[in-house]
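Structure record follows, encoded as structure tokens.
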2 protein chains.
Amino acid sequence: MISEKTVERLSLYRWLLEMRVDKNTLSLFSHQIASMACVTPAQLRRDLMVIGYTGSPGRGYLVKDLAESICSVLDGDEPAKVALVGMGNLGRAIVSFLRGRRSRLKVVATFDTDSRKTGRVISGCRCYEQDKIEEIVAGRQISVAVITVPSDVAQKVADRLVNSGIKGILNYAPVPLRVPDGVYLENRDVTTALEKVAYFARESKEKE
Amino acid sequence: MISEKTVERLSLYRWLLEMRVDKNTLSLFSHQIASMACVTPAQLRRDLMVIGYTGSPGRGYLVKDLAESICSVLDGDEPAKVALVGMGNLGRAIVSFLRGRRSRLKVVATFDTDSRKTGRVISGCRCYEQDKIEEIVAGRQISVAVITVPSDVAQKVADRLVNSGIKGILNYAPVPLRVPDGVYLENRDVTTALEKVAYFARESKEKE
DNA sequence: TGCATGCTGTGAAAAACGTAACAGCAATAC
DNA sequence: GTATTGCTGTTACGTTTTTCACAGCATGCA
Ligand SMILES: NC(=O)c1ccc[n+]([C@@H]2O[C@H](COP(=O)([O-])OP(=O)(O)OC[C@H]3O[C@@H](n4cnc5c(N)ncnc54)[C@H](O)[C@@H]3O)[C@@H](O)[C@H]2O)c1
Ligand SMILES: NC(=O)c1ccc[n+]([C@@H]2O[C@H](COP(=O)([O-])OP(=O)(O)OC[C@H]3O[C@@H](n4cnc5c(N)ncnc54)[C@H](O)[C@@H]3O)[C@@H](O)[C@H]2O)c1
């Protein structure tokens with residue numbers, strides 16, 4: 001089992017390797033990739049060790065090979081299907097962002113309660129009535145969900161998603177959701193993030 | 001100096017304490033607060049230890065007192081001023097979200113290059129031309145910035161912000177920015193987060 | 001008042017995470 | 001072919017973060 005931090009960095013390495021403009025360089029050294037990712041070379045080598053990829057001294061890592069190797073670890077056999085609940089400002093921003101980007105993650109359904117949004121195709125993705133969650137999530141075997149509904153209904157939405165078989169949730173509502181063991185939850189509250197940044201900003205200002 | 005993780009949790013505790021509906025309970029035990037925050041009681045007690053707040057056995061922690069104590073650690077003397085660069089879909093969602101919420105963080109200026117956005121008040125906040133960054137950020141002593149511009153210009157924006165005296169950056173563009181020591185940086189890439197969730201979702205699905 | 005209860009504060013152990021160091025070897029130069 | 005260079009894989013170490021465990025005490029009740 002790979003640690004959370006390592007998975008995050010692997011995702012970053014892959015992105016950096018695939019987005020690289022210079023397609024001529026076939027291989028890179030650990031310190032080059034590390035520098036792009038803003039980590040130490042030792043960190044990078046350690047991360048590659050856990051996925052079992054091995055380079056060679058004097059040549060480094062074969063870019064294409066390494067990227068594929070990361071894919072085989074991070075991705076399943078087929079692209080993960082993603083549902084997003086709450087097509088408000090944030091929800092639309094995220095869906096259209098994910099659309100624009102070639103990715104292994106496919107947003108295949110969105111949900112809302114607002115009848116001005118349901119039944120239409122928004123940001124390139126069909127928006128269903130919220131009470132179709134069970135039917136569609138279970139029926140299409142969607143395993144990952146993004147929650148961008150107001151915080152007072154977030155727990156209710158999470159419960160429905162879990163009951164429909166969702167195994168991972170990315171939550172943007174500013175409430176700590178309760179999910180059973182076996183469902184992976186990641187919270188992304190703006191306020192917390194901003195307060196953290198503000199705290200350390202102040203801290204470093206006081207030091208100078 | 002308090003650790004990042006602890007600061008995040010303190011922010012969460014404060015939010016939970018302030019949002020509590022039942023204003024009658026004057027005090028709470030560690031296990032009650034911990035349960036709301038989804039952490040262990042030991043974790044909570046240790047976090048409170050580092051800020052020097054102390055409860056009492058048999059009664060627990062005085063809610064109002066504790067919240068104020070967290071404030072005195074997290075907040076400076078005055079509310080931190082925040083600038084946001086890039087009033088696209090995501091930028092507007094964040095600004096209007098922060099507006100709606102009583103907070104110690106004030107978004108006092110936003111910036112964009114698009115002339116359809118600049119010079120107007122959007123989501124309750126004035127939007128300036130992007131080349132006014134130096135003037136306004138330095139002039140109004142803004143210390144924290146949120147970056148929500150396309151990734152190819154994110155580094156350039158970050159540089160200008162740093163030159164203007166910004167001490168903390170919350171970055172939503174999917175690129176690892178380079179900032180000098182003394183500037184605190186927090187990255188919040190959706191793709192990385194989603195890929196992480198998808199990985200662990202698959203992991204837990206395979207286990208069952 | 002005095003006793004029993006059970007929660008707090010904290011030192012000590014454990015776990016997670018990152019860093020440093022180096023032996024071994026692939027590539028290159030000559 | 002051989003020597004040299006300098007990068008990799010991995011182990012050992014240091015640091016940070018979390019959990020455990022329990023002594024001590026404030027509280028509520030008899
Ligand atoms: N973490 C972040 O970066 C961030 C930024 C902004 C907002 N937020 C949070 O994200 C959430 C949404 O923010 P927003 O600005 O998009 O708000 P919004 O009001 O624009 O969007 C909410 C959407 O959810 C829909 N909705 C309401 N109840 C629903 C239900 N039961 N099922 C399905 N859909 C439902 C509404 O119809 C609306 O379309 C809020 O909780 C907000 O606090 C997070
Ligand atoms: N982390 C997330 O949750 C998340 C979600 C969606 C998008 N994103 C990222 O956030 C960024 C913005 O996404 P979006 O959907 O809002 O895109 P968008 O195109 O709607 O918004 C970008 C805005 O930035 C402005 N801009 C462009 N260049 C600028 C410059 N040099 N200075 C100031 N403003 C400038 C544009 O005029 C536009 O208004 C992108 O980098 C995207 O990848 C992140």
Side-chain angles (χ1 to χ4, degrees), chain A residues 1-13 17 25-63 65-67 69-70 73 176 181 184-187 192 196 199-200 203, chain B residues 1-13 17 25-63 65-67 69-70 73 176 181 184-187 192 196 199-200 203:
Chain A
M1 170 63 80
I2 305 177
S3 82
E4 288 195 30
K5 299 271 183 80
T6 300
V7 170
E8 273 183 29
R9 283 190 300 263
L10 286 173
S11 163
L12 173 60
Y13 302 151
L17 294 175
T25 1
L26 295 178
S27 60
L28 290 170
F29 295 123
S30 66
H31 64 87
Q32 299 177 296
I33 305 177
S35 145
M36 293 191 284
C38 299
V39 299
T40 65
Q43 177 82 265
L44 175 105
R45 292 206 298 274
R46 159 63 59 102
D47 287 335
L48 299 194
M49 198 179 113
V50 314
I51 67 167
Y53 184 81
T54 160
S56 79
R59 173 154 50 194
Y61 303 92
L62 296 171
V63 174
D65 240 35
L66 174 53
S69 194
I70 296 177
V73 172
D181 287 356
Y184 183 84
L185 172 67
E186 174 85 10
N187 287 304
T192 300
K196 186 167 107 179
Y199 174 82
F200 287 106
E203 207 70 4
Chain B
M1 170 65 81
I2 305 175
S3 83
E4 288 194 30
K5 298 271 184 79
T6 300
V7 170
E8 271 182 32
R9 284 190 300 263
L10 287 173
S11 163
L12 173 61
Y13 302 151
L17 293 175
T25 2
L26 296 178
S27 61
L28 291 169
F29 295 122
S30 67
H31 64 87
Q32 299 178 294
I33 304 177
S35 146
M36 292 191 285
C38 299
V39 299
T40 65
Q43 178 81 265
L44 176 105
R45 290 205 298 275
R46 175 142 310 253
D47 288 336
L48 299 194
M49 199 179 114
V50 314
I51 65 167
Y53 185 82
T54 160
S56 78
R59 174 156 48 193
Y61 303 91
L62 297 171
V63 174
D65 241 34
L66 174 54
S69 195
I70 296 178
V73 173
D181 286 357
Y184 183 84
L185 173 67
E186 173 85 10
N187 287 305
T192 301
K196 186 167 108 178
Y199 174 82
F200 287 106
E203 208 68 4

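If you're wondering where the values come from, they're calculated on a predicted model, not measured in any experiment.
Atom P of nucleotide C:dG9 and atom CD1 of B:I51 are separated by 11 Å, given to the nearest angstrom. Rounded to an integer number of Å, the gap from A:D47 CG to C:dC17 C1' is 11 Å. The interatomic distance linking A:F29 (CZ) with C:dC25 (P) rounds to 19 Å, in whole Å. Rounded to a whole Å, the OH atom of B:Y53 is 12 Å from the C1' atom of C:dT8. Atom pair B:Q32:CD and C:dG6:C1' shows a separation of 13 Å (rounding to whole Å applied). The interatomic distance linking A:E4 (CD) with C:dA15 (P) rounds to 18 Å, in whole Å. Between the CE atom of A:M49 and the P atom of C:dG18 there is a distance of 14 Å, given to the nearest Å.
The structure places CG of B:D65 at 11.0 Å from CG of B:L17, a figure rounded to the nearest 0.5 Å.
Residue A:T40 places at least one side-chain N or O under 4.0 Å from the OP1 or OP2 atom of C:dT19. The phosphate of C:dA26 has neither OP1 nor OP2 within less than 4.0 Å of any side-chain N or O from A:Y61. For A:S56 and C:dA26, the shortest distance from a side-chain N or O to OP1 or OP2 is not below 4.0 Å.
Along DNA chain D, the stretch of nucleotides lying under 4.0 Å from any heavy atom of chain A spans, 5' to 3', D:dG6 to D:dA12.
When each of A:Q43 and A:G58 is assigned the nucleotide of DNA chain C bearing its nearest heavy atom, the one mapping closer to the 5' terminus is A:Q43.
Within 4.0 Å (heavy atoms only), B:S3 reaches sugar-phosphate atoms of the nucleic acid but no base atom. Using a 4.0 Å heavy-atom criterion, one finds that B:T54 contacts the sugar-phosphate atoms exclusively.
No hydrogens or angles were tested; on distance alone, a donor-acceptor pair under 3.5 Å links the side chain of A:R46 to the base of C:dT19.
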### Message
Test side chain to side chain contact (heavy atoms under 4.5 Å, CB included) on A:I33 and A:L66; report intermediate values, then the result.
### Response
CA-CA 11 Å; A:I33 305 177; A:L66 174 53; 4.0 Å; yes
### Query
Can A:F29 and A:L44 be said to form a side chain to side chain contact (heavy atoms under 4.5 Å, CB included), step by step?
CA-CA 10 Å; A:F29 295 123; A:L44 175 105; over 6 Å; no
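If you check C:dC25, C:dT8, C:dA21 against the side chain of A:R45, the one that comes closest is C:dA21. With distances taken from any side-chain atom of A:P57 to the nucleotides C:dG24, C:dC7, C:dG18, the minimum falls on C:dG24.
A distance-only check finds a donor-acceptor pair linking the side chain of B:S27 to the backbone of B:R59 [under 3.5 Å].
Side chains of A:Q32 and A:Y61: a donor-acceptor N/O pair is absent below 3.5 angstrom, by distance only.
The side chain to side chain contact (heavy atoms under 4.5 Å, CB included) search around A:L26 returns none, not counting sequence neighbours.
The shortest distance between side-chain heavy atoms of A:V39 and A:Y13 falls below 4.5 Å.
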